[in-house]
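What follows is one structure encoded as structure tokens, with my remarks underneath.
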Amino acid sequence: MAFTMNLNMKEVTDWVRNQPERDRAKKQSMIIIKNELVKEVIQEMSEHRTTGELEGSVMGVATDNKVEIRSNSYGDIVLEYGRKPGRFPPVEPLERWAMLHGMDKGAGYLIARKIAQRGTEKYRRGGEKQITKIEERLNKDLMPSRIEYLLNAYTK
């Protein structure tokens with residue numbers, strides 16, 4: 001699974017236009033932005049850590065036109081929407097989660113069964129879409145305040 005963040009790249013485009021080696025500058029700037037975004041996403045996701053698997057699965061890909069942040073864990077979808085009822089979620093991670101929270105090992109199966117029957121609390125009641133929140137914060141705070149510094153510092 002993957003999620004893509006849409007970021008305001010105007011500062012990057014303007015900066016690249018003023019560089020003598022535009023192709024190199026553009027490629028380097030996209031890599032810098034990708035690295036910063038991956039750090040930011042991992043930091044945000046770590047606030048929801050139990051096992052560390054989700055933030056450990058975050059990686060970024062930079063092309064000439066966009067930066068994509070990916071995760072090969074289903075946790076990114078859960079952070080955004082919750083989990084709807086239906087099939088059983090993976091029991092093993094829930095077993096580890098239950099044990100880390102002082103529950104018996106069998107509690108993971110019971111939690112999985114309840115999620116399969118009712119969905120997660122976030123899915124039922126709604127809640128903050130954490131991936132969207134990260135994207136909004138990055139567009140509002142990171143991009144305008146740090147992008148020029150990052151680009152100038154790393155492309156010399």
Side-chain angles (χ1 to χ4, degrees), residues 1-13 26-147 149-151 153-154:
M1 295 185 186
F3 55 91
T4 302
M5 295 185 168
N6 298 312
L7 300 169
N8 181 353
M9 304 299 276
K10 182 182 179 333
E11 290 90 354
V12 175
T13 304
K26 186 173 186 180
K27 184 176 184 176
Q28 186 66 27
S29 65
M30 295 304 275
I31 291 169
I32 292 163
I33 292 166
K34 173 205 51 128
N35 293 342
E36 285 296 308
L37 293 177
V38 167
K39 282 195 278 187
E40 293 284 330
V41 170
I42 288 171
Q43 180 181 351
E44 184 77 24
M45 288 180 170
S46 69
E47 295 175 14
H48 308 284
R49 174 187 300 154
T50 298
T51 63
E53 288 179 29
L54 178 58
E55 64 264 28
S57 72
V58 174
M59 62 189 138
V61 176
T63 66
D64 286 347
N65 302 318
K66 69 178 180 177
V67 172
E68 186 173 289
I69 308 299
R70 297 179 179 167
S71 168
N72 61 6
S73 169
Y74 73 92
D76 56 354
I77 303 302
V78 174
L79 279 176
E80 188 74 358
Y81 304 107
R83 184 180 172 108
K84 65 182 180 178
R87 296 174 37 187
F88 258 65
V91 175
E92 185 181 323
L94 292 170
E95 294 285 354
R96 286 194 308 271
W97 182 87
M99 290 179 70
L100 288 169
H101 285 84
M103 298 177 211
D104 294 332
K105 185 178 179 187
Y109 173 81
L110 298 174
I111 294 167
R113 184 176 68 187
K114 185 174 180 180
I115 291 171
Q117 291 171 345
R118 301 181 65 205
T120 61
E121 188 81 14
K122 182 175 202 153
Y123 177 81
R124 290 194 313 274
R125 294 193 180 166
E128 188 175 70
K129 293 184 175 183
Q130 283 134 325
I131 302 295
T132 300
K133 177 184 164 191
I134 295 168
E135 181 179 346
E136 289 169 355
R137 187 170 56 80
L138 292 174
N139 272 319
K140 181 181 174 198
D141 298 334
L142 178 74
M143 298 301 279
S145 66
R146 291 174 48 199
I147 202 65
Y149 166 76
L150 288 170
L151 294 175
Y154 289 103

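Residue numbers start at 1 and run along the sequence shown. What's counted below: heavy atoms across the whole structure, side chains too, no hydrogens, waters or symmetry copies.
Put simply, CE on M99 and CG on D104 are 9.0 Å apart, with the number rounded to the nearest 0.5 Å.
Minimum interatomic distance between I115 and R83 (heavy atoms only, all atoms of both residues): CG2-CD, 3.6 Å. In this structure, R87 and A116 approach most closely via the heavy-atom pair O-CB, 3.8 Å.
In terms of the ring pair (Phe, Tyr, Trp, His ring centres under 6.0 Å) criterion, Y123 has no residue partners (sequence neighbours excluded). A search for side chain to side chain contact (heavy atoms under 4.5 Å, CB included) contacts involving M103 returns W97, A98, H101, A107, I111, not counting sequence neighbours. Residues passing the side chain to side chain donor-acceptor pair (under 3.5 Å) test with R113, sequence neighbours excluded: none. Among residues two or more places apart in sequence or in another chain, the side chain to side chain donor-acceptor pair (under 3.5 Å) test is passed with Q117 by none. By the salt bridge (Lys or Arg N to Asp or Glu O under 4.0 Å) test, R124 pairs with E121, sequence neighbours left out.
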